[in-house]
2 protein chains.
Amino acid sequence: MSRPSVSAKDVADLAGVSRASVSRALTPGATISHETRARVVAAAEKLGYQVNRLASGLIRNETGIIALIASEIGTPYRAQLLGALTEKLQQAGKVTLLINTDRSDESVERALRQAISYRTDAAIFLSGMPAWSLAETCQKNGMRLVLINRDEARPGSVLVRLDDRAAGERAVALLLAAGCRRLALASSEAGTPSLIARESGFRDAVRAAGLDLVEERIGVTSYRTGLELGTRLMARSDRPDGVFCTTDLMACGLMDAARFRFGVEIPRALSVIGFDDIAQAGWESYALTSFGQPIDKIAGAATDWLQNPAETAAARITLSASLVWRNSVRQLHQPHNS
Amino acid sequence: MSRPSVSAKDVADLAGVSRASVSRALTPGATISHETRARVVAAAEKLGYQVNRLASGLIRNETGIIALIASEIGTPYRAQLLGALTEKLQQAGKVTLLINTDRSDESVERALRQAISYRTDAAIFLSGMPAWSLAETCQKNGMRLVLINRDEARPGSVLVRLDDRAAGERAVALLLAAGCRRLALASSEAGTPSLIARESGFRDAVRAAGLDLVEERIGVTSYRTGLELGTRLMARSDRPDGVFCTTDLMACGLMDAARFRFGVEIPRALSVIGFDDIAQAGWESYALTSFGQPIDKIAGAATDWLQNPAETAAARITLSASLVWRNSVRQLHQPHNS
DNA sequence: CTGAAAGCGCTTACAG
DNA sequence: CTGAAAGCGCTTACAG
């Protein structure tokens, strides 16, 4: 049960140099002669030598490991973000430790302990928030923290957020322009910072327009919740004609409930706007007009921030969601095609 | 830029014991007195000590890290499997190193080198196949290999597969029972072992039934491909009335093309069967009858195999896909409800 | 049951 | 530019 594997010693012997030289030859900035480096590289190549990152991580203050802490990995938006993040991180020469926090409440804490055990250089939170005290422990251990669509940043961490509020406001404008007069807001009870911001942006803009607002909020953020949301909303005597769903997953469910359970035509009798622009929003059965998360930019921003030493002050990066216009919102005036 | 972090030495000092005792106190099977262990545990707790897995991985022949090698992480089926795998692995006390192989062709090789660098205990392949030589290198480094829905196993590795062929055959029987007579097979050009097996199972059963088979195969495995597949199939003069899509993603696209571009009613005029049972198959717009991947069982089998020392011979685990009956296949006889 | 010592594979001052 | 030496934080025979 032993693990052979070739070490720097083997390479040194073959190249006829010291172990120190092997290390230098393989370290980008190190001072070493061209000739020695070439000999070492050749020997390493020949033996199939791979630096043991465990050992190097023990010495240097960088392991190259970034922890990704997320729940609901199987969900469209999360999965997409995960893909983008791992890709960018790999391009930056980092490796991803994926920690799933679906189970139990103390799992964020356990995730962080794991991350510390493996001395990850940083932790990126896609879900959940670390308790204040734990976050501090992480930072004491030299970990940097990236919080995506989370609440509060703290020194040494960065917050990557979207202008969710603005999107909520814009949704109202779009719905009004579509001629809708009975607006509704459909959301889950998840209460994450992004959902709350989308909700309040929408709510405030509706009020500002002097209209009544129907609000329905239940369960977790899912297709199934959307189905129920749609059922409740469509069953009302003052059935809404325009609804903003804080998430595409819920929007899809809501659309299905409206169409199949109530025979409501979309967008003729009901306009729907979602958020996230998940792949399914683009499927012909939905053709959902939605605010797209700039996933690549989010991943890029997180990775970039981790790359450069960065200021110690808490940073906040705000990206904007861009509307993807499809066919779930009524168009009053036919576009003038030339 | 140094990383403080408390070490076993600190704990030893506080508890008034040697570093060796700290190690023993924190190792499940070690011989140590109850009293000493208690003192150590208390001290560790107090200092917030976390064993440095980098250092322990250097010594023991186990790092607790499992590499997960996958492409198209954002895709429904993959994302789901990823979620299940990380969950099971974590339950088993392992940690997941996620390696994304979407970029370039040599990325599987790079992925494996990364895995070796971090001395992962094993690598689980969800996509791609390691080159023979590289796989050998991995095994020489003591890594075990799990191949999910891949081709050939080799000693020291396990292959987890589905009875794809049987599902293909069964699809024919279902379609025939639904009264379909012009059967079609719709697939992508990905040519993975699972797709090939599903295809040949279907093809052979159609032939055995003495029917003609229309076969359409293009592009990558995606919704968009399904759209094109559906367009081609529905445009034929001998339009099929029953089709088996080797993947739900393609089935959804195919259904949309049939309905929205050709006005074909499903399941009245066209019966469709998919494979994977992704979440969207259950959405009301699709209600797709599909063969479900036993995702939890797959993840469980992989994890279990990694847990017990296992035989050195190549192992093969075959799981079966179970049909999830929905509403995309015509039912000739009304079920007799009591 | 416990401690002192060796060693895992690396990197990095320190001399030369 | 290079090598000998120290040390990262752990585990594990080896004595006692």
Side-chain angles (χ1 to χ4, degrees), chain A residues 1-41 43-44 47-65 116-121 141-142, chain B residues 1-41 43-44 47-65 116-121 141-142:
Chain A
M1 197 64 167
S2 79
R3 290 183 155 207
S5 101
V6 8
S7 77
K9 174 97 172 60
D10 303 322
V11 178
D13 289 350
L14 179 60
V17 299
S18 70
R19 287 135 123 243
S21 291
V22 173
S23 200
R24 289 193 192 99
L26 271 23
T27 305
T31 50
I32 189 169
S33 72
H34 274 293
E35 204 234 338
T36 309
R37 166 164 282 156
R39 273 229 306 288
V40 171
V41 168
L47 297 176
Y49 171 67
Q50 293 292 123
V51 173
N52 184 331
R53 300 295 250 115
L54 261 31
S56 76
L58 208 49
I59 305 298
R60 310 174 55 202
N61 52 39
E62 209 180 54
T63 56
I65 310 178
I116 294 176
S117 284
Y118 286 98
R119 299 296 186 267
T120 64
D121 297 334
N141 281 280
Chain B
M1 196 69 167
S2 78
R3 290 182 154 208
S5 101
V6 9
S7 76
K9 173 97 172 62
D10 303 322
V11 178
D13 289 350
L14 180 60
V17 299
S18 68
R19 286 135 124 243
S21 291
V22 173
S23 200
R24 284 194 273 260
L26 269 25
T27 305
T31 49
I32 190 169
S33 72
H34 274 292
E35 204 235 337
T36 308
R37 165 164 282 153
R39 273 230 305 288
V40 171
V41 168
L47 297 177
Y49 172 66
Q50 293 292 123
V51 173
N52 182 331
R53 298 295 251 117
L54 260 31
S56 76
L58 208 48
I59 305 297
R60 309 175 55 202
N61 53 40
E62 212 181 50
T63 57
I65 309 179
I116 295 176
S117 284
Y118 286 98
R119 298 295 186 269
T120 65
D121 296 334
N141 281 281

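A, B, ... follow the sequence lines: proteins, then strands. Residue 1 opens every chain. Just so you know, these numbers come straight off a predicted model, no measurement behind them.
- In this structure, A:Asn52 places its CG atom 16 Å from P of D:dG9, rounding to the nearest Å.
- Of all non-hydrogen atoms in B:Thr31 and B:Arg24, the two that sit nearest each other are O-CD, 3.6 Å.
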Do any N or O atoms of the protein come closer than 3.5 Å to N or O atoms of nucleotides 5-8 of chain D, and which pairs are they?
none

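- A close approach under 4.0 Å does occur between a side-chain nitrogen or oxygen of B:Ser21 and OP1 or OP2 of C:dG3.
- Between A:Thr63 atom OG1 and A:Arg119 atom CZ the span is 9.5 Å, to the nearest 0.5 Å.
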Applying the Watson-Crick and G-U criteria (both distances under 3.5 angstrom) with [ ] for crossing and | for other-strand pairs, one obtains for DNA chain C |||.||||||||.|||
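- Note that the OG atom of B:Ser33 and the CZ atom of B:Arg39 stand 8.0 Å from one another [nearest 0.5 Å].
- Between B:Asn52 and A:Leu58, the closest side-chain pair of non-hydrogen atoms falls below 4.5 Å.
- A straight line from OH of B:Tyr118 to C1' of C:dC10 spans 14 Å, rounded to a whole angstrom.
- In this structure, the side chains of A:Asp121 and A:Ile65 stay at 4.5 Å or more apart for every pair of heavy atoms.
- Place A:Val51 and B:His34 on DNA chain C by their nearest nucleotides, and B:His34 ends up nearer the 5' end.
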Can you list, pair by pair, the side-chain donor-acceptor contacts under 3.5 Å of residues 11-23 of chain B, counting residues two or more places apart and other chains?
{"unit_1": "B:Asp13", "atom_1": "OD1", "unit_2": "B:Lys9", "atom_2": "NZ", "d": "3.3"}
{"unit_1": "B:Asp13", "atom_1": "OD2", "unit_2": "B:Lys9", "atom_2": "NZ", "d": "3.1"}
{"unit_1": "B:Ser18", "atom_1": "OG", "unit_2": "B:Ala20", "atom_2": "N", "d": "3.4"}
{"unit_1": "B:Ser18", "atom_1": "OG", "unit_2": "B:Ser21", "atom_2": "N", "d": "3.3"}
{"unit_1": "B:Ser18", "atom_1": "OG", "unit_2": "B:Ser21", "atom_2": "OG", "d": "3.4"}

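- Partners of A:Asp10 under the salt bridge (Lys or Arg N to Asp or Glu O under 4.0 Å) rule, at least two apart in sequence or in another chain, do not exist in this structure.
- The residue B:Ser33 sits close only to the backbone: its heavy atoms come under 4.0 Å of sugar-phosphate atoms, none of a base.
- Taking atom CZ on A:Arg53 and atom P on C:dC10, their separation rounds to 12 Å, with Å as the unit.
- For the pair A:Ile116 and B:Gln50, the tightest heavy-atom approach, listed with the atom from each and the gap, is CG2-CG, 4.0 Å.
- Rounded to whole Å, atom C1' of C:dT12 lies 12 Å from atom CG of A:Asn61.
- Residue B:Arg39 contributes atom CZ, which lies 15 Å from atom P of C:dC1 at whole-angstrom precision.
- The side chain of A:Thr36 contributes no N or O atom lying less than 4.0 Å from OP1 or OP2 of D:dC1.
- For A:Arg60 and C:dA13, the CZ to C1' distance is 15 Å, given to the nearest whole Å.
- Remark: B:Ser23, B:Arg24 in residues 22-29 of chain B come within less than 4.0 Å of DNA chain D through at least one heavy atom.
- Taking B:Arg53 as the reference, A:Ser117, A:Tyr118, B:Ser56 meet the side chain to side chain contact (heavy atoms under 4.5 Å, CB included) condition, with sequence neighbours excluded.
- The nearest whole Å value for the distance from the NZ atom in A:Lys9 to the P atom in D:dG3 is 13 Å.
- Counting any heavy atom pair closer than 4.0 Å across all strands shown, B:Thr31 reaches a base atom.
- A sub-4.0 Å separation between OP1 or OP2 of D:dC10 and a side-chain N or O of B:Ser56 is absent.
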